[in-house]
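Counting from 1, the numbers follow the sequence of the chain as shown.
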Amino acid sequence: MSKSISEDFKDAKINLMIEDLLNLEKEIANYKAALIEAIGEVPAALEAVVTLKLKQLLEVGKDLEKNINDAKNEIVDLKDTTKHEITKHFSLVLADLKSEVKSLSETYKSEAKKTKPLSTTKIVGLCLVSVLLLTSVCSGAIYYALSVQHKTELDRYGSGILELSDLTDEVIKQLPKDKKVDAEARYKKIMASDR
């Protein structure tokens, strides 16, 4: 029995449809494998992103700690420089006062020899009183000038340290919960210590 053309055509169509169905099943299997592989890569990618962000936060923390240490070192250097400058200025003032006292003493001695109403002990006493008066006035002026300068510099560094402290608090708030507790404890320890 021979098949008719319409049956052959139907068989050909059915075979094409079966072929298309098999190809479609293969593509679905390929898509399914690709989807499973992509889903498997998501945790690793998320872990890499989280690790990168944590590293960046740790870098910021290290930079903050370095900046705080640098600021503390600058304050110590400023303190040493201020001590040196005060000592230098007092030495200069003392040297000037000694030369002035010497010249005044010589002047008073020469004047004392010319006039006798004042005794030598009174002249020496007046010289000592005037030297003490000049010393106290100069010392007070120098102390006031240096304390005003020192106070403004300390206020500037103090405000910088407060800003760094606020920034550190903000960074700690952004950390994950498990890292946040450790960071807060470490920060409180640093802020409580005397350096």
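Proximity of Lys53 to Val50: side-chain heavy atoms (C-beta onward) are nowhere separated by under 4.5 Å.
By the 4.0 Å N-to-carboxylate-O rule, Asp182 lies too far from Arg186 to be salt-bridged with it.
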message: Evaluate Asp169 against Lys173 for salt bridge (charged side-chain N to carboxylate O under 4.0 Å, His left out), listing each step before the verdict.
response: CA-CA 6 Å; Asp169 284 337; Lys173 287 178 185 176; over 6 Å; no

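In this structure, NZ in Lys10 is found 14.0 Å from CG in Asn15, a value given to the nearest 0.5 Å. Between atom CD of residue Glu184 and atom CG of residue Leu175 there is a gap of 9.0 Å, rounded to the nearest 0.5 Å. Rounding to the nearest 0.5 angstrom, the gap separating the CD1 atom in Ile68 from the OH atom in Tyr187 is 7.0 Å. Taking CD1 from Ile14 and CD from Glu7, the interatomic distance works out to 10.0 Å, rounded to the nearest 0.5 Å. Summarising the geometry, atom CD belonging to Glu65 is positioned 9.5 Å from atom OG1 belonging to Thr168; distances are rounded to the nearest 0.5 Å. Put simply, CG on Asn23 and CG on Asn30 are 10.5 Å apart, with the number rounded to the nearest 0.5 Å.
Hydrophobic clustering (ILVMFWY, side-chain heavy atoms < 4.5 Å, transitive): Leu57 and Leu167 are in one cluster. No continuous path of hydrophobic side-chain contacts links Leu132 to Leu126 [ILVMFWY only; heavy atoms under 4.5 Å]. Criterion: ILVMFWY side-chain heavy atoms under 4.5 Å apart, direct or through other members. Under it, Ile75 and Leu78 are part of a common hydrophobic cluster.
With a 6.0 Å radius and a threshold of 12 heavy atoms from other residues, nucleotides or ligands, Glu47 has its CD atom at or below the threshold.
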Under 3.5 Å, which donor-acceptor pairs link side chains of residues 84-91 to any protein atom two or more places apart or in another chain?
| residue | atom | partner | partner atom | Å |
| --- | --- | --- | --- | --- |
| Thr87 | OG1 | Lys83 | O | 2.8 |
| Ser91 | OG | Thr87 | O | 2.9 |

Let me check something: any side-chain donor-acceptor pairs from residues 94-101 under 3.5 Å, sequence neighbours excluded? List them with distances.
| residue | atom | partner | partner atom | Å |
| --- | --- | --- | --- | --- |
| Ser99 | OG | Asp96 | O | 2.8 |

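Partners of Thr51 by side-chain hydrogen bond (donor to acceptor under 3.5 Å, both in side chains), not counting sequence neighbours: none found.
Scanning all heavy atoms of the two residues, the minimum distance from Cys138 to Val93 falls at CB-CG1, 4.0 Å.
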